[in-house]
There are 2 protein chains.
Amino acid sequence: MDKINKNSFTPPFYQLAAIIEKKIMEGEFKPGEPLPSENDLGREYELSRTTVRKCLGLLAERGMISAQQGKGTFVSRPSLDRAIFVMDDFKTQIENQGKEVGYRLINVRFLKQLPEFALKLGMTPDKGILYYSRLLTACEEPVGVEHKYMCYKKGKPTLENEFQYKAFSEIITIHTEFLPVRSQAMLTAESASEYDANYLKISAGDPVLKLQQVLYTRDDKPVGIGVFYYRSDRYSLVSDIQPLKGER
Amino acid sequence: MDKINKNSFTPPFYQLAAIIEKKIMEGEFKPGEPLPSENDLGREYELSRTTVRKCLGLLAERGMISAQQGKGTFVSRPSLDRAIFVMDDFKTQIENQGKEVGYRLINVRFLKQLPEFALKLGMTPDKGILYYSRLLTACEEPVGVEHKYMCYKKGKPTLENEFQYKAFSEIITIHTEFLPVRSQAMLTAESASEYDANYLKISAGDPVLKLQQVLYTRDDKPVGIGVFYYRSDRYSLVSDIQPLKGER
DNA sequence: CAGTGGTCTAGACCACAAA
DNA sequence: TTGTGGTCTAGACCACTGG
């Protein structure tokens, strides 16, 4: 039986998680069946229940097990057919790839009317809509185009600079009395419009990744919409599900 | 000052998390600045350090804060421009939408040679490659097409039924001596080929979401590749980032 | 050195499920 | 009633950071 090495730099809760994960993958603990109780695991590996729980929490986060109060902790169905895509803001993503980010302001305009898709999302033009669009580049190469629509309150002066560099939710916070606290996003594929294709330097109709984001205030009023189109040859999402390492 | 209500059904660690999140969003704790230390928070809200830590863990998971050993716990830059897409296996996803899943086996074939893209991913044809493809439907409507390539070892009989219903990693485990433990996936947009478009009942060239998945054994040998094409009008990924609820 | 976060322990009470 | 997971406490030791 595997034992916990208390002198290792790998903390016990992590070692135990690796052990249990291994037993699950090797079939000793089978999908649908319960794991030993937290107390039993604690006795078996000479760890406190708190530590056992921390370990189980790690495995639960990874989707390997799930606990049911009063019943037990059960091994989940195997699910390598699962992917998790984290999309940070453009700047963070590109910089993490070691590339240089660039923004180019394409357009800033005041709209009296919202485009139809924005109305469908429940946004109301209040006193008007501020629209702007940017070209997103990585190492000078065009990667994406984004279009933003936000509720607008007059008053504060607008500097082009701001639109070029600041985050959307920041701009909304500054230029309206709204504080966005919730973000809903939808990712899909689409054909590039002639307009967007022109900036992306692709052909109209070429496939692009489309991300549509809606920002809501605490009382669920939509106050900002962002639509992103990414060149599919230069932008993709990746996911990596790996087992816990045994020893570090 | 907000206080912890110990008689509430909402556990203290959660209440505290909501309080801190609120203070961050209202600007009392600013991005880049440190939170009070865990001990201070414990004193202030009359909670044990363990409970404070559980609360901070929750906020860290949500990307609001990050801890640095020896230094402190810092408020992250605001990031509503962030989305997390979880793609479970097709069956789970569709069933969660309350729809009926269907599979139709399109093709099962033994290949002597791997297609070029699979070779590029490092897969070797060993003793041969088993290829199969399925049409994925939701409420009888075609939603996706998938193509699978797996290392093949003769021996066990293959039942068409299996390919129709079992998960890819399960099939690999049964029909080879390989145990996939790691999954890498890439999501992008593409134009549908004539072949796939035909099954999806769309036109060739229409945009589709493409998911490419590679399964690896513990020693990082690729043993299975899955390529999925989804109709962009019937399949999209969603993400919802919301604040913690104050009281439940 | 003092202060920070990271980990662990031993024990307690609760809500829930099943017999 | 017993056993399960969910939460909390009080106290301990460690590793890391910075003065």
Side-chain angles (χ1 to χ4, degrees), chain A residues 3-20 24 29 32-76 244-248, chain B residues 3-20 24 29 32-76 244-248:
Chain A
K3 264 189 141 11
I4 303 296
N5 174 5
K6 296 213 177 184
N7 297 320
S8 164
F9 286 102
T10 306
F13 82 89
Y14 192 95
Q15 292 182 46
L16 179 55
I19 291 173
I20 294 178
I24 289 175
F29 296 140
E33 291 181 4
L35 249 43
S37 79
E38 297 175 350
N39 283 315
D40 286 348
L41 286 170
R43 268 188 290 276
E44 182 170 356
Y45 292 95
E46 296 176 316
L47 294 171
S48 74
R49 189 175 157 220
T50 314
T51 303
V52 172
R53 277 183 65 76
K54 182 158 185 185
C55 145
L56 296 181
L58 181 60
L59 292 173
E61 222 177 83
R62 297 167 54 86
M64 314 256 335
I65 62 176
S66 69
Q68 286 174 250
Q69 192 170 29
K71 290 195 193 171
T73 303
F74 300 83
V75 178
S76 304
L244 299 167
K245 301 289 169 206
E247 284 287 323
R248 279 189 288 205
Chain B
K3 265 188 139 10
I4 302 295
N5 173 5
K6 296 214 177 185
N7 298 319
S8 164
F9 287 101
T10 306
F13 82 90
Y14 193 95
Q15 292 182 46
L16 180 55
I19 291 173
I20 295 177
I24 290 176
F29 296 142
E33 289 181 4
L35 251 42
S37 80
E38 297 175 349
N39 283 315
D40 286 349
L41 285 170
R43 269 189 291 276
E44 183 171 355
Y45 292 95
E46 297 176 314
L47 294 171
S48 73
R49 191 177 155 220
T50 314
T51 304
V52 172
R53 276 183 66 75
K54 182 155 186 186
C55 145
L56 296 182
L58 181 60
L59 292 173
E61 222 176 83
R62 298 167 54 85
M64 315 256 333
I65 61 176
S66 69
Q68 287 174 249
Q69 192 171 28
K71 290 195 192 172
T73 302
F74 300 84
V75 179
S76 303
L244 300 166
K245 300 291 168 205
E247 284 290 324
R248 278 189 289 208

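Just so it is clear: chains get the letters A, B, ... in the order the sequence lines come, proteins before strands, and each one is counted from 1. Computation of the quantities below employed the complete heavy-atom set of this structure, encompassing side-chain atoms and omitting hydrogens, waters and symmetry-equivalent molecules. The structure presented is a predicted model; accordingly, all values stated were derived computationally and were not measured.
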Check whether any side-chain nitrogen or oxygen of K6(B) sits under 4.0 Å from OP1 or OP2 of dT9(D), and answer yes or no. yes
Please report the interatomic distance CD(E33(A)) to CD1(I24(A)), rounded to the nearest 0.5 Å. 11.0 Å
For F9(B) and dC16(C), give me the distance from atom CZ to atom C1', rounded to whole Å. 13 Å
Is the closest side-chain heavy-atom distance between L16(B) and I4(B) below 4.5 Å? yes
Value in whole Å for how far the P atom of dG6(C) lies from CG of N39(B): 12 Å
Do R62(B) and L244(B) make a side-chain contact, defined as non-hydrogen atoms from C-beta onward lying under 4.5 Å apart? yes
How long is the span from the CD atom in E61(A) to the CD atom in E61(B), to the nearest 0.5 Å? 5.0 Å
For D40(A) and dT2(D), give me the distance from atom CG to atom P, rounded to whole Å. 17 Å
What is the distance from CG of L35(A) to C1' of dT4(D), rounded to the nearest Å? 13 Å
Between F13(A) and C55(A) the two heavy atoms that sit nearest each other are O-CB, 3.2 Å
To the nearest angstrom, the CG-C1' distance between L41(B) and dG5(C) comes to 12 Å
Of the nucleotides dT4(D), dG5(D), dC8(C), which has the atom closest to the Q69(A) side chain? dG5(D)
Where the side chain of E38(B) is defined as all heavy atoms beyond and including C-beta, which of dT4(D), dG5(C), dG18(D) is the nearest nucleotide? dG5(C)
Could you tell me the separation between the NZ atom of K71(A) and the C1' atom of dA15(C), rounded to a whole number of Å? 14 Å
Should N5(B) and Q15(B) count as side-chain neighbours, where that means a heavy-atom distance under 4.5 Å? yes
Distance check needed: dT17(D) P versus F74(B) CZ, whole Å only. 12 Å
Mind listing the residues from residues 51-67 of chain B sitting with a heavy atom below 4.0 Å of DNA chain D? Number order is fine. T51(B), K54(B)
Regarding the side chain of T73(A), the nearest nucleotide among dC8(C), dG5(D), dG5(C) is dG5(D)
Residue pair T51(B) / Y45(B), side-chain heavy-atom distance below 4.5 Å: no
Please determine whether a side-chain nitrogen or oxygen atom of S37(A) lies at a distance below 4.0 Å from atom OP1 or OP2 of dG3(D). no
Take atom CD of Q68(B) and atom P of dG6(C), then tell me their distance rounded to the nearest Å. 10 Å
Could you go through the side chain to side chain contact (heavy atoms under 4.5 Å, CB included) check for L35(B) and L56(B) one step at a time? CA-CA 10 Å; L35(B) 251 42; L56(B) 296 182; 4.0 Å; yes
With the criterion being N/O to N/O and under 3.5 Å, what pairs connect the protein with nucleotides 10-12 of chain C, and how long is each?
{"residue": "dA10(C)", "atom": "N6", "partner": "T50(A)", "partner atom": "OG1", "Å": "3.1"}
{"residue": "dA12(C)", "atom": "N6", "partner": "R49(A)", "partner atom": "NH1", "Å": "3.4"}

Calculate, to the nearest 0.5 Å, the distance between atoms OG and CZ belonging to S37(B) and R43(B) respectively. 6.5 Å
